[in-house]
Amino acid sequence: MVKKPGEWNRCAITCKGRHIDVVLNGEHVTSMDMALWTEKGKNPDGSTVPSWLSRPAAELETKGRIGFQGKHAAAPIFFRNIRIKQL
């Protein structure tokens with residue numbers, strides 16, 4: 001789904017309450033329902049959660065800052081046409 005280096009990718013992330021959907025270059029990539037993460041230290045499938053996540057995702061705030069992923073190795077990362085709208 002990711003385009004070749006030098007080409008722009010298009011990503012849409014939709015957050016409604018505790019449900020998150022991600023579409024990359026027109027293809028649905030993943031969905032997450034934070035309400036399913038009810039147990040500290042475990043994912044819904046029973047696998048472990050990183051120790052830095054001190055609370056279950058179901059208890060995390062649904063408001064806050066938006067962050068962007070940084071550089072991969074020495075490759076620069078650029079962003080353009082970022083839009084944030086309230087649903």
Side-chain angles (χ1 to χ4, degrees):
M1 280 168 238
V2 176
K3 293 184 178 184
K4 297 183 295 187
E7 294 183 20
W8 289 101
N9 289 287
R10 183 177 189 101
C11 183
I13 302 169
T14 305
C15 304
K16 290 184 181 178
R18 298 199 175 279
H19 190 83
I20 302 167
D21 282 299
V22 178
V23 175
L24 179 63
N25 296 323
E27 293 190 43
H28 186 262
V29 179
T30 192
S31 290
M32 175 189 177
D33 184 354
M34 289 175 60
L36 299 176
W37 272 258
T38 57
E39 194 173 340
K40 179 183 172 186
K42 286 191 179 178
N43 287 314
D45 66 1
S47 60
T48 59
V49 170
S51 59
W52 55 262
L53 188 57
S54 60
R55 296 186 319 189
E59 295 177 8
L60 297 175
E61 296 292 329
T62 56
K63 292 182 179 182
R65 296 182 175 165
I66 297 171
F68 296 98
Q69 187 171 349
K71 292 171 64 170
H72 294 277
I77 301 278
F78 299 96
F79 299 96
R80 69 178 187 178
N81 300 329
I82 296 170
R83 296 180 192 97
I84 300 170
K85 65 180 180 179
Q86 189 170 355
L87 300 177

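Keep in mind that what you see is a predicted model, and the values were worked out from it rather than measured.
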With a 3.5 Å distance limit and no angle check, can you tell me whether [X] reaches the backbone of [Y] through a side-chain donor-acceptor pair?
X: H28; Y: T30; answer: yes
X: R18; Y: L60; answer: yes
X: N25; Y: N9; answer: no

Could you grab the distance from atom [atom1] of [X] to atom [atom2] of [Y], nearest 0.5 Å is fine?
X: M32; Y: C15; atom1: CE; atom2: SG; value: 10.0 Å
X: I20; Y: T14; atom1: CD1; atom2: OG1; value: 10.0 Å
X: D45; Y: L36; atom1: CG; atom2: CG; value: 11.0 Å

Handout entry: Minimal non-hydrogen separation, E61 against R55, with atom names
Key = N-NH2, 4.1 Å
Would you indicate whether the side-chain heavy atoms of [Y] and [X] approach each other to under 4.5 Å?
X: I82; Y: F68; answer: yes
X: V23; Y: C11; answer: no
X: K42; Y: T48; answer: no
X: E39; Y: P56; answer: no
X: K3; Y: W8; answer: no

Path from [X] to [Y] over hydrophobic side-chain contacts below 4.5 Å:
X: W52; Y: V49; value: yes
X: F78; Y: I66; value: no
X: V22; Y: V2; value: yes

Practice task
Please lay out, stage by stage, how Q69 and I77 fare under the test side-chain contact (heavy atoms from CB on, under 4.5 Å).
Solution key: CA-CA 9 Å; Q69 187 171 349; I77 301 278; over 6 Å; no
